[in-house]
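Notes for the one structure printed next.
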Amino acid sequence: MRPAIQQLQASKIRELANAGLGRSDVLPFWFGESDEVTPEFIRQAAIDSLQAGETFYAHNLGLPELRASISIEMNKRHGQSIASERIAVTSGGVNALMLAMQALVDAGDEVLVVTPVWPNLTAQPQILGADLRTISLEPAKGKWELPLEKLLNSITSNTRLLVLNSPNNPTGWTLNRQEQQAILDKCRSTETWILADEVYESLFFLESQNHCAPSFLDIATQDDRLVIAHSFSKSFLMTGWRLGWLVMPPNMTEHMGKLIEFNTSCASTFVQRAGLIALQRAEEVTPRVVAHMRSCRDTLAQALSGVSQIEFALPDGGMYLFLRLPEGWDDFHIAKRLVAEAGLGLAPGSAFAPEAQGWLRWCFASKELDRLVLGAQRLETWLSKL
């Protein structure tokens, strides 16, 4: 195999989870998904599609009616016309991001990624042979912040692509409007593309006009060098369905269709039918999901507030609490011990970047709030014995 593939680091999250699989006594908070099943009416839409015999190929770019529905949803969120001609339906958010990378990045191109971040966003450019560089968020009293001037100075005419994930997995950090504008202005001057992973934009806990996190779509023109990746996974409770979308400049869409053809051909029709009904009835799903996520976040934070050995801050968005362990502790070693000795599954921070060594990510997207409280009690009890 290519050396770039052989040298990829295996997922530490998956390695940790494998150690706890089959143990009914483990509370698993390691993966980035809710334990709540997809709403029944979304599942029924897929069943109806299959019963109707929709088992054939669809258009590369997605069902026209789904692309139109995504356009309507994007217009609601961002208060401007985002035509369906700028939208491509993909087989999941991961697929959306990889397609964007394939469309924009050649071997040897410089790709700059803001970390800590979901490891796929640093692995994908490496798979393509890009020259990967990173700029780290900086922790301050449990909260992670962007060193804006350092980032802007790192973007040069050699930077082909800047990759940002906001709201951020794992830290919960979220770009504000001033930061976005400064980044967009700099990338315009250097002709650098921006790939913004905004899959958590609806899971936002601060007051906002459109009930979502600030997006580059709020301030960019359709011709800016900007690609936005989205997914149905988080705010519609559809992680296992593998359905996402891209928003891009209109002159990219035709070529993206070709790229989809050579990757997956198309997203499954019955899955797209489920996505269509999810968007059409979004007001029945997403506000409830966001309100519940806020309750999960606040419940977990309250339960952990008395644990003196850890440090954290409330995230502005996403579905994760990022915990700082005492200095010098190895997060992966601690995470493995927590599974074995406390029955608690958390993701090690070092899975997201070397600079997140000593942190643990807790996915608080739990259907039952009591599970979060029980998990916090297990952590506190285990730490008290050290």
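From a predicted model like this one, the values you see are computed outputs, not experimental measurements.
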(message) Testing the basics here: between Ser215 and Glu201, what is the closest heavy-atom pair and its distance to 0.1 Å?
(response) CB-OE1, 3.8 Å

(message) Using a 6.0 Å cut-off, check whether atom CZ of Arg177 has over 12 heavy atoms from anything other than its own residue.
(response) yes

(message) Just to verify, what does Trp245 make a side-chain hydrogen bond (donor to acceptor under 3.5 Å, both in side chains) with, not counting sequence neighbours?
(response) none

(message) When you group the ILVMFWY residues by side-chain heavy-atom contacts below 4.5 Å and let the links chain together, are Leu226 and Leu121 in the same group?
(response) no

(request) Can you see which heavy atom on Arg242 is nearest to which on Val271, and at what distance? (result) O-CG1, 4.4 Å

(message) Go through it in stages, so that I can follow the logic: the residues are Leu344 and Trp382, the test is side-chain contact (heavy atoms from CB on, under 4.5 Å), and I'd like the CA-CA distance, side-chain angles, deciding distance and then a yes or no.
(response) CA-CA 10 Å; Leu344 180 63; Trp382 186 82; over 6 Å; no

(message) So, using side-chain hydrogen bond (donor to acceptor under 3.5 Å, both in side chains) as the criterion, who are the partners of Arg133 when residues are at least two apart?
(response) Glu110

(message) Would Arg297 and Phe205 count as a cation-pi pair here, with the cationic atom under 6.0 angstrom from the ring centre and within 45° of the axis?
(response) yes

(message) Do Thr115 and Glu355 pair up side chain to side chain, a donor and an acceptor below 3.5 Å, judged on atom types alone?
(response) yes

(message) Check this for me: does any side-chain nitrogen of one of Arg160 and Asp131 sit under 4.0 Å from a carboxylate oxygen of the other?
(response) no

(message) Please identify which of these residues, Trp359, Trp173, Phe312, meets the ring pair (Phe, Tyr, Trp, His ring centres under 6.0 Å) condition with Trp144.
(response) Trp359

(message) Considering only residues two or more places apart or on different chains, which pairs with a residue in residues 253-278 satisfy salt bridge (charged side-chain N to carboxylate O under 4.0 Å, His left out)?
(response) Glu54-Arg273, Glu65-Arg273

(request) Locate the shortest heavy-atom distance separating Ala353 from Pro116; write the atom from each residue and the value. (result) CB-CA, 3.7 Å

(request) Check whether the side chains of Ser295 and Asp298 place a donor and an acceptor atom closer than 3.5 Å, and report yes or no. (result) no

(request) Indicate yes or no for a side-chain donor-acceptor contact from Thr286 to the backbone of Glu283 under 3.5 Å, with no hydrogens or angles considered. (result) no

(request) Considering non-hydrogen atoms only, spot the tightest contact between Leu128 and Gln102 and give its length. (result) CD1-N, 3.8 Å

(message) I'd like to know if the side chain of Ser350 pairs up with that of Lys12 as donor and acceptor (distance under 3.5 Å, no hydrogens or angles considered).
(response) yes

(message) Counting only heavy atoms from other residues, nucleotides and ligands, does the tally under 6.0 Å from CD of Gln6 exceed 12?
(response) yes

(message) Please enumerate all residues that pass side-chain hydrogen bond (donor to acceptor under 3.5 Å, both in side chains) together with Gln44, with sequence neighbours excluded.
(response) Asp48

(message) Filter on salt bridge (charged side-chain N to carboxylate O under 4.0 Å, His left out), then keep only pairs touching residues 81-97, sequence neighbours left out; what's left?
(response) none

(message) Between Glu40 and Arg43, does any side-chain N to carboxylate O distance fall below 4.0 Å?
(response) no

(request) Answer yes if Leu195 and Ile135 sit in the same cluster of Ile, Leu, Val, Met, Phe, Trp and Tyr residues linked by side chain heavy atoms under 4.5 Å apart, and no otherwise. (result) no

(request) Output, in order, the C-alpha distance, side-chain angles, deciding distance and verdict of side-chain hydrogen bond (donor to acceptor under 3.5 Å, both in side chains) for Gln180 and Asn176. (result) CA-CA 6 Å; Gln180 283 180 329; Asn176 61 43; over 6 Å; no

(message) I'd like to know whether Ser235 forms a side-chain contact (heavy atoms from CB on, under 4.5 Å) with Val290, so could you lay out the CA-CA distance, the side-chain angles of the two residues, the decisive distance to 0.1 Å, and finally the verdict.
(response) CA-CA 7 Å; Ser235 55; Val290 175; 5.7 Å; no

(request) Using side-chain hydrogen bond (donor to acceptor under 3.5 Å, both in side chains) as the criterion, list what pairs up with Ser265, not counting sequence neighbours. (result) none

(request) Apply the ring pair (Phe, Tyr, Trp, His ring centres under 6.0 Å) test between Tyr320 and each candidate in Phe364, Phe29, Tyr200; give the one that qualifies. (result) Tyr200

(request) Go through the steps to decide whether Lys385 and Glu380 satisfy the test salt bridge (Lys or Arg N to Asp or Glu O under 4.0 Å), and finish with yes or no. (result) CA-CA 9 Å; Lys385 295 177 181 179; Glu380 183 174 20; over 6 Å; no

(request) Just do the side-chain hydrogen bond (donor to acceptor under 3.5 Å, both in side chains) check on Trp241 and Ser233 with the steps written out, would you? (result) CA-CA 7 Å; Trp241 295 77; Ser233 291; over 6 Å; no

(message) Which heavy atom of Leu152 sits nearest to which heavy atom of Ile183, and what is that distance?
(response) CD2-CA, 4.0 Å

(message) Please determine whether residues Ile277 and Val289 belong to a single hydrophobic cluster, defined as Ile, Leu, Val, Met, Phe, Trp and Tyr linked transitively by side-chain heavy-atom distances below 4.5 Å.
(response) yes

(message) Just by distance, no angles: are the side chains of Asp224 and Thr221 close enough, under 3.5 Å, to form a donor-acceptor pair?
(response) yes

(request) Quick one: closest heavy-atom pair of Gly20 and Val26, and the distance? (result) O-CG2, 4.4 Å

(message) I'd like to know if Lys143 pairs up with Asp316 as an ion pair, taking the criterion as any Lys NZ or Arg NE/NH1/NH2 lying under 4.0 Å from an Asp or Glu carboxylate oxygen.
(response) yes

(request) Using atom types as modelled and distance alone, determine if a side-chain donor or acceptor of Arg23 lies under 3.5 Å from a backbone N or O of Gly343. (result) no

